[in-house]
Amino acid sequence: SQQGEEDPQALSIQEGENATMNCSYKTSINNLQWYRQNSGRGLVHLILIRSNEREKHSGRLRVTLDTSKKSSSLLITASRAADTASYFCATDVEGLIQGGSEKLVFGKGTKLTVNP
Amino acid sequence: DAGITQSPRHKVTETGTPVTLRCHQTENHRYMYWYRQDPGHGLRLIHYSYGVKDTDKGEVSDGYSVSRSKTEDFLLTLESATSSQTSVYFCATIQGPQETQYFGPGTRLLVL
């Protein structure tokens, strides 16, 4: 069963605009992670936010986590054509170590297209 | 791709034939994973390993078996391939300062 669900499924914007993707999940978590996948490639880890954190930044990425609503958002500011990719959220299910990534459940992803 | 190689990268096979996919890592990571990725389903865990000879099932393990006789290699076997196993298969390990999952380049499998 899917733990995380991204919204929207697809998003098309112009270069320079901000892109916001959302993720909702069902059960309590230790951490939530966002990954990116370029077409035909493996997933690449972007950012991890722990359950006791509310916001995290990394370059042009901003992630928020609301554990009361069981939701997270990924904001990409000043988007570029090179940001075109699919973005996945993943939640840990049975962390053997607090905050671990031993078993992750991935959502179906948001496909982002940034038009030049 | 984080020191992870997968072989073969592409394979076409016929229904009923056995298929083995190999994941090889060079950095002595303890955890290794096999996922499949299909349109509309995202990434789903097939099997994972937490050490040599230590493996466990994931969400979609039916029709698949795995083996890990050496730290560096994690093999995924389809005993008798079916068309429903046509997919892209990804291997992953846990590594990095935040102990997150790193993925290999994927194997594209077509079962006719």
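Letters A, B, ... mirror the listed sequences (proteins, then strands); counts begin at 1. All values derive from a computational prediction rather than experimental measurement.
- Around CZ of A/Arg54, the count of heavy atoms belonging to other residues, nucleotides or ligands within 6.0 Å exceeds 12.
- A/Asn52 CG: more than 12 foreign heavy atoms inside a 6.0 Å radius.
- Under the 4.5 Å side-chain heavy-atom criterion for grouping Ile, Leu, Val, Met, Phe, Trp and Tyr, B/Tyr31 is not connected to B/Leu75 through any hydrophobic cluster.
- No more than 12 heavy atoms of other residues, nucleotides or ligands sit less than 6.0 Å from atom NZ of A/Lys111.
- When side chains are defined from C-beta on, A/Tyr35 counts as touching B/Gln101, because their heavy atoms get closer than 4.5 Å.
- Summarising the local packing, CD of A/Gln9 is surrounded by 12 or fewer heavy atoms from other residues, nucleotides or ligands at distances under 6.0 Å.
- Looking only at heavy-atom pairs under 4.5 Å with chain A, the residue among B/Cys91, B/Gly40, B/Gly106 that has the most is B/Gly40.
- The two atoms that bring B/Phe90 and A/Gln37 nearest to each other are CZ-NE2, 3.4 Å, heavy atoms only.
- When heavy atoms are compared at a cutoff of 4.5 Å, B/Tyr35 approaches chain A solely by way of its side chain, counted from C-beta outward.
- The distance from the NZ atom of A/Lys103 to the CD atom of B/Glu59 is 9.5 Å, given to the nearest 0.5 Å.
- Using a 4.5 Å cut-off on side-chain heavy atoms (C-beta onward), A/Gln33 and B/Gln98 make no contact.
- Taking OG1 from B/Thr100 and CG from A/Leu46, the interatomic distance works out to 10.0 Å, rounded to the nearest 0.5 Å.
- Heavy atoms closer than 4.5 Å to chain A are found nowhere in B/Gln6, neither backbone nor side chain.
- Proximity to chain B (any heavy atom under 4.5 Å) is shown, for A/Glu6, by neither the backbone nor the side chain.
- Counting non-hydrogen atoms of neighbouring residues, nucleotides and ligands closer than 6.0 angstrom, the CD atom of B/Glu14 reaches no more than 12 such neighbours.
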